[in-house]
Amino acid sequence: MHSRGAAACRGLAAATAAVLATGVLAGCQAKDTGADGPLVRISEAPAKAPAGPPKQPPAPTPTRAAPKPPPPVQPAQRARPARPARPAPQPAVRMAPGARGEHVRELQARLRQLGLFGRNPTGYYGPVTAASVSAFQKQRGMARTGKVTDPVLAALRAHTHQPTRTELYPPTTRPIAAPDPRCTTGRALCISKTSRTAAWMVNGKVRTAMDVRFGSAYTPTREGRFKVDFKSRHHHSTLYDTPMPYAMFFSRGQAVHYSADFAARGYAGASHGCVNVRDKKKIAKVFAEIRPGDKVIVYK
């Protein structure tokens with residue numbers, strides 16, 4: 001009996017140990033209330049299982065890549081100003097207003113050959129010459145500067161011939177007009193108001209030609225056929241109190257004579273009706289050759 005009781009006790013102890021172990025595994029805890037009291041099982045409430053499928057952790061929000069820092073600012077370089085385009089070299093000016101000399105005389109003679117210079121060469125480059133050069137430049141399609149450059153001179157020489165001595169040194173500033181028919185016979189002092197020239201002619205040939213000017217609109221020089229009435233080498237006008245050297249009278253107080261005013265002022269002035277001559281040597285030569293009774297023809 002005693003051995004059976006001991007075996008039963010050992011079986012009970014083993015069973016108890018197994019229950020306790022199972023409780024631990026099942027989440028229970030056996031609590032001993034005393035050495036002789038019964039074991040009381042205390043169970044803990046199991047954790048609630050989730051109603052649905054397990055939530056996935058939120059996906060991480062993608063982060064934008066940080067912008068690249070701007071490249072370091074380089075020190076500003078001062079832009080070099082653009083060099084202006086060099087203008088095309090202009091041809092050198094060979095002749096311009098104010099020039100004087102033989103080269104100007106040749107220029108005028110060549111322009112006269114083309115009908116662009118209405119006077120005889122003087123050797124002085126004035127406004128008339130500049131206007132003639134400008135007219136030539138217009139004909140050739142050149143810039144109208146009124147100045148002579150190498151291209152202008154080359155074109156002018158290509159269209160003209162070398163001036164003769166007579167073309168370079170004519171007897172008058174202005175070309176002599178065609179003589180009036182009354183001047184072509186005998187001895188005549190042929191005076192043209194149009195060309196402002198006087199030509200001393202013998203049998204239709206010009207011996208001497210001179211520049212002349214006439215009276216103003218208030219004291220005009222009379223026109224027509226006259227004759228030399230008398231000559232006065234050192235004449236002095238009592239009416240106008242002015243000298244009239246080498247005077248050759250032809251019409252009631254009007255005469256052909258040398259004029260210092262004409263020599264100084266040119267065509268800016270006028271006479272009181274006489275025919276003024278500005279070349280003293282030429283009028284002295286004509287005065288020596290003309291005789292009273294020779295014809296004086298004044299015409300337009």
Side-chain angles (χ1 to χ4, degrees), residues 97-102 104-105 108-109 112 117-129 132 165-180 183 188-201 206-223 226 228 231-237 239-251 253-290 294 296-300:
R100 296 176 182 269
E102 294 303 306
V104 176
R105 187 179 293 274
Q108 294 167 333
R112 177 160 159 67
F117 188 69
R119 302 183 181 183
N120 285 333
T122 61
Y124 173 71
Y125 202 125
V128 175
T129 304
S132 300
R165 174 77 180 179
T166 303
E167 289 175 323
L168 291 172
Y169 297 94
T172 58
T173 300
R174 297 173 180 270
I176 301 174
D180 185 279
C183 301
L189 186 56
C190 200
I191 303 170
S192 169
K193 283 188 172 181
T194 300
S195 66
R196 300 184 190 181
T197 59
W200 167 233
M201 301 179 67
V206 177
R207 289 193 174 183
T208 305
M210 304 165 287
D211 292 327
V212 296
R213 75 177 182 182
F214 306 96
S216 66
Y218 301 100
T219 56
T221 302
R222 290 184 283 274
E223 299 171 13
F226 309 95
V228 176
K231 304 189 315 181
S232 178
R233 189 183 192 92
H234 302 290
H235 194 78
H236 189 95
S237 172
L239 181 61
Y240 299 107
D241 190 23
T242 183
M244 298 170 56
Y246 304 104
M248 296 171 282
F249 289 88
F250 61 90
S251 176
Q254 292 188 353
V256 179
H257 66 86
Y258 169 74
S259 169
D261 181 75
F262 182 28
R265 298 175 58 200
Y267 291 99
S271 73
H272 295 98
C274 289
V275 178
N276 292 162
V277 179
R278 64 177 169 187
D279 192 319
K280 196 171 186 179
K281 290 183 179 181
K282 287 185 178 181
I283 188 64
K285 179 181 179 181
V286 172
F287 182 88
E289 295 182 10
I290 282 185
D294 287 341
V296 177
I297 310 297
V298 182
Y299 67 102
K300 287 185 178 178

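Everything numeric in this text was worked out from a predicted model, so none of it was measured.
A donor-acceptor contact shorter than 3.5 Å is absent between the side chain of Asp294 and the backbone of Val228. Panel note: side chain Tyr267, backbone Phe262; no donor-acceptor pair is recorded below 3.5 Å. Between the side chain of Arg222 and the main chain of Ser251, a donor-acceptor pair closer than 3.5 Å is present.
Using a 4.5 Å heavy-atom cutoff, the side chains of Asp261 and Arg213 are in contact. The closest side-chain heavy-atom distance from Phe250 to Val275 is below 4.5 Å. The closest side-chain heavy-atom distance from Arg207 to Glu289 is below 4.5 Å. The side-chain heavy atoms of Lys193 and Tyr299, taken from C-beta on, include no pair separated by under 4.5 Å.
A cation-pi geometry, defined here as NZ or CZ lying under 6.0 Å from the six-membered ring centre and within 45° of its normal, does not hold between Arg119 and Phe117. A cation-pi geometry, defined here as NZ or CZ lying under 6.0 Å from the six-membered ring centre and within 45° of its normal, holds between Lys231 and Phe287.
Scanning all heavy atoms of the two residues, the minimum distance from Tyr258 to Asp279 falls at CD1-C, 4.3 Å. Taking every heavy atom of both residues into account, Tyr124 and Thr129 meet most closely at O-OG1, 3.6 Å. Across every non-hydrogen atom of Val206 and Ala199, the tightest pair is CG1-CB, 4.2 Å. Thr122 and Gln108 make their closest contact through N-OE1, 2.8 Å (heavy atoms, listed as atom of the first residue, atom of the second, distance). Taking each heavy atom of Thr197 and Ile176 in turn, the nearest pair found is OG1-CA, 3.9 Å. Residues Pro121 and Leu168 share a closest heavy-atom pair of CB-O, 3.8 Å.
The distance from atom OH of Tyr125 to atom CZ of Arg100, rounded to the nearest 0.5 Å, is 14.0 Å. Taking OH from Tyr246 and OG from Ser259, the interatomic distance works out to 14.0 Å, rounded to the nearest 0.5 Å. If you take SG on Cys183 and CD1 on Ile297, they are separated by 5.0 Å, rounding to the nearest 0.5 Å.
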> Do Val296 and Met248 pass the side chain to side chain contact (heavy atoms under 4.5 Å, CB included) test, and can you show the C-alpha distance, the side-chain angles, and the key distance before you say yes or no?
Replying inline: CA-CA 10 Å; Val296 177; Met248 296 171 282; over 6 Å; no

>> Show, in sequence, the C-alpha distance, side-chain angles and deciding distance for Lys282 and Trp200, and conclude whether the side chain to side chain contact (heavy atoms under 4.5 Å, CB included) test is met.
In response: CA-CA 10 Å; Lys282 287 185 178 181; Trp200 167 233; over 6 Å; no

>> For Asn120 and Arg112: C-alpha separation, side-chain torsions, deciding distance, then whether side chain to side chain contact (heavy atoms under 4.5 Å, CB included) applies.
In response: CA-CA 7 Å; Asn120 285 333; Arg112 177 160 159 67; 3.2 Å; yes

>> Could you walk me through whether Met201 and Leu189 satisfy the side chain to side chain contact (heavy atoms under 4.5 Å, CB included) test, starting with their C-alpha distance in whole Å, then the side-chain angles of each, then the deciding distance to 0.1 Å, before giving a yes or no?
In response: CA-CA 6 Å; Met201 301 179 67; Leu189 186 56; over 6 Å; no

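In the model, Arg278 has a side-chain atom that pairs as donor or acceptor with a side-chain atom of Thr173 under 3.5 Å. Side-chain atoms of Thr219 and Ser216 form a donor-acceptor pair, as typed in the model, at a separation below 3.5 Å. Donor-acceptor pairing under 3.5 Å is lacking for the side chains of Gln254 and Thr221.
By the 30° and 60° cut-offs, the orientation of the rings of Tyr240 relative to His272 is parallel.
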